Amino acid sequence: MPELPEVETVARQLAPCMTGRIVRSLRIFDPLLRKGPQPRPHGRKVTSVRRVGKQVLIEFAGGLCLAVHLRMTGRLIWAPNRRAEAREDRLRARVGFDRGALLFADTRRFGTFRWFRDAREAEPAGIDPVSEEMTIEALREMAGRARQNLKAFLLRQDRIVGIGNIYASEILWDARLSPRRRASALRRAEIVRLHESTRKILIRAIENCGTTFSDFQDAHGLTGSYQQYLAVYDREGERCRRCEAPVRRIVQQQRSTYFCAGCQK
DNA sequence: ATTATATCCTGATCGC
DNA sequence: TGCGATCAGGATATAA
């Protein structure tokens, strides 16, 4: 569930809790999280916690870092004390610090831990859509050589990193572009709209701490408020806020896409 | 070389 | 109410 805004929210909330803390223990309860190298971070100080693509990257002094991917149902929770910790279930891992602990809970168990010796290795291939790198020209270039429809294009993490199924629909609605359009067929003015909408929607979602459905909670167990802005996602049959036509649901790459055929062309 | 399909899991919801 | 089928926000290995 967590897309870029939700991961950004979690990273921002964890950072002040974790930065400067020293690792005292690491317990991985779910063997699925134990793929790849398993270094011992004991005694290391956390130097930063930030979002990298859709992952939360925890960096330790000396270069070691842990990239946590929440996938569908993963949650990172900061537990300042034992009482807060006792409330959590379905725990897959726990990192104990000199003060407090980081808990990882994940119902569907798709989430991943990956350890690196250097943070640069954790960088995803795609462009971060809310960074300076995401220029109109960069978008035009990427779209120009994509043979896919716009929905599939936006979900490609090797091009633009961070957009998932919810925000793909929302961005295309905002840009008044049909999810079925071929990415390479966009006119320049349409690319400009797509660029603008992508940044606008994601930034607004970050400002609202993401979207909360059933699973997503931030590091303090709170919830985001972006759902009040959702224009099409999960609104099949309801009226489009722009043109009153009914919102439609179609399936693209085995996933739901919501859009308005009245004003998305 | 791209792009579609199957798959990793669990739990909520749907339809009969 | 009970039960099996279906679906869910992600991403990747494999097949086509």
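Predicted, not measured: the structure shown is a model, and the values here were computed from it. In the text below, chain A, chain B and the rest are named by the order of the sequence lines, each starting its count at 1.
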Ion pair check, [X] and [Y], cut-off under 4.0 Å:
| X | Y | answer |
| --- | --- | --- |
| A:E137 | A:R140 | yes |
| A:E8 | A:R12 | yes |
| A:R75 | A:D106 | no |
| A:K200 | A:D174 | yes |
| A:R51 | A:E123 | no |
| A:R176 | A:E190 | no |

In whole Å, what is the span from the [atom1] atom of [X] to the [atom2] atom of [N]?
| X | N | atom1 | atom2 | answer |
| --- | --- | --- | --- | --- |
| A:Q252 | B:dT3 | CD | P | 14 Å |
| A:L4 | C:dG9 | CG | P | 17 Å |
| A:D106 | C:dG9 | CG | P | 16 Å |
| A:L70 | C:dG10 | CG | P | 12 Å |
| A:E3 | C:dA11 | CD | P | 9 Å |
| A:Y233 | C:dC7 | OH | P | 13 Å |
| A:N149 | B:dT2 | CG | P | 17 Å |

Say you pick atom [atom1] in [N] and the same atom in [M]; how far apart are they, in whole Å?
| N | M | atom1 | answer |
| --- | --- | --- | --- |
| C:dT14 | B:dC9 | P | 15 Å |
| C:dT6 | B:dA6 | P | 14 Å |
| B:dT3 | C:dG9 | C1' | 22 Å |

Hey, are the side chains of A:V49 and A:L57 touching, using non-hydrogen atoms and a 4.5 Å cut-off? no

For a quick test of reading the model: is some side-chain N or O of [X] closer than 4.0 Å to OP1 or OP2 of [N]?
| X | N | value |
| --- | --- | --- |
| A:Q253 | B:dT3 | no |
| A:Q254 | B:dT5 | yes |
| A:Y167 | C:dG9 | no |

Under 3.5 Å, which protein N or O atoms sit close to an N or O of nucleotides 9-12 of chain B? Give each pair with its distance.
| from | atom 1 | to | atom 2 | distance (Å) |
| --- | --- | --- | --- | --- |
| B:dC9 | O3' | A:R109 | NH1 | 3.3 |
| B:dC9 | O2 | A:R108 | NE | 3.0 |
| B:dT10 | OP1 | A:R109 | NH1 | 2.9 |
| B:dG11 | OP1 | A:R90 | NE | 3.1 |
| B:dG11 | OP1 | A:R90 | NH2 | 2.4 |

Residues in salt bridge (charged side-chain N to carboxylate O under 4.0 Å, His left out) with A:E236, at least two apart? A:R249

Assess the residue pair A:V56 and A:F104 against the criterion (side-chain contact (heavy atoms from CB on, under 4.5 Å)); give the C-alpha distance rounded to whole Å, side-chain angles, the decisive distance to 0.1 Å, and a yes or no. CA-CA 12 Å; A:V56 175; A:F104 182 66; over 6 Å; no

Given the structure, check if the side chain of A:R255 and the base of C:dG10 hold any donor-acceptor pair shorter than 3.5 Å. yes

Applying ring-ring contact (aromatic ring centres under 6.0 Å, His included), which residue pairs with at least one partner in residues 237-265 of chain A are found, sequence neighbours left out? A:Y233-A:Y258

For a quick check of understanding: with a heavy-atom distance under 4.0 Å over all strands, which category does A:R182 fall into, base, sugar-phosphate or nothing? nothing

Hey, does A:T112 reach any base, or is it just sugar-phosphate, or nothing, if we go heavy atoms under 4.0 Å? nothing

Step by step, would you call A:T257 with A:K151 a side-chain hydrogen bond (donor to acceptor under 3.5 Å, both in side chains)? CA-CA 8 Å; A:T257 300; A:K151 168 73 180 309; 2.7 Å; yes

Short of 4.0 Å, heavy atom to strand atom, which residues of residues 151-165 of chain A count as contacting DNA chain C? A:Q157, A:G164, A:N165

Let's see if you can work this out: which of C:dA8, B:dT2, C:dG10 has an atom nearest to the side-chain heavy atoms of A:H69? C:dG10

Report the residues that fulfil side-chain contact (heavy atoms from CB on, under 4.5 Å) with A:T19, sequence neighbours left out, ordered by chain and then residue number. A:A15

Can you list every stem that DNA chain B is part of, counting only runs of 3 or more consecutive Watson-Crick or G-U wobble pairs with both distances under 3.5 Å? B:2-8 with C:10-16, B:10-16 with C:2-8

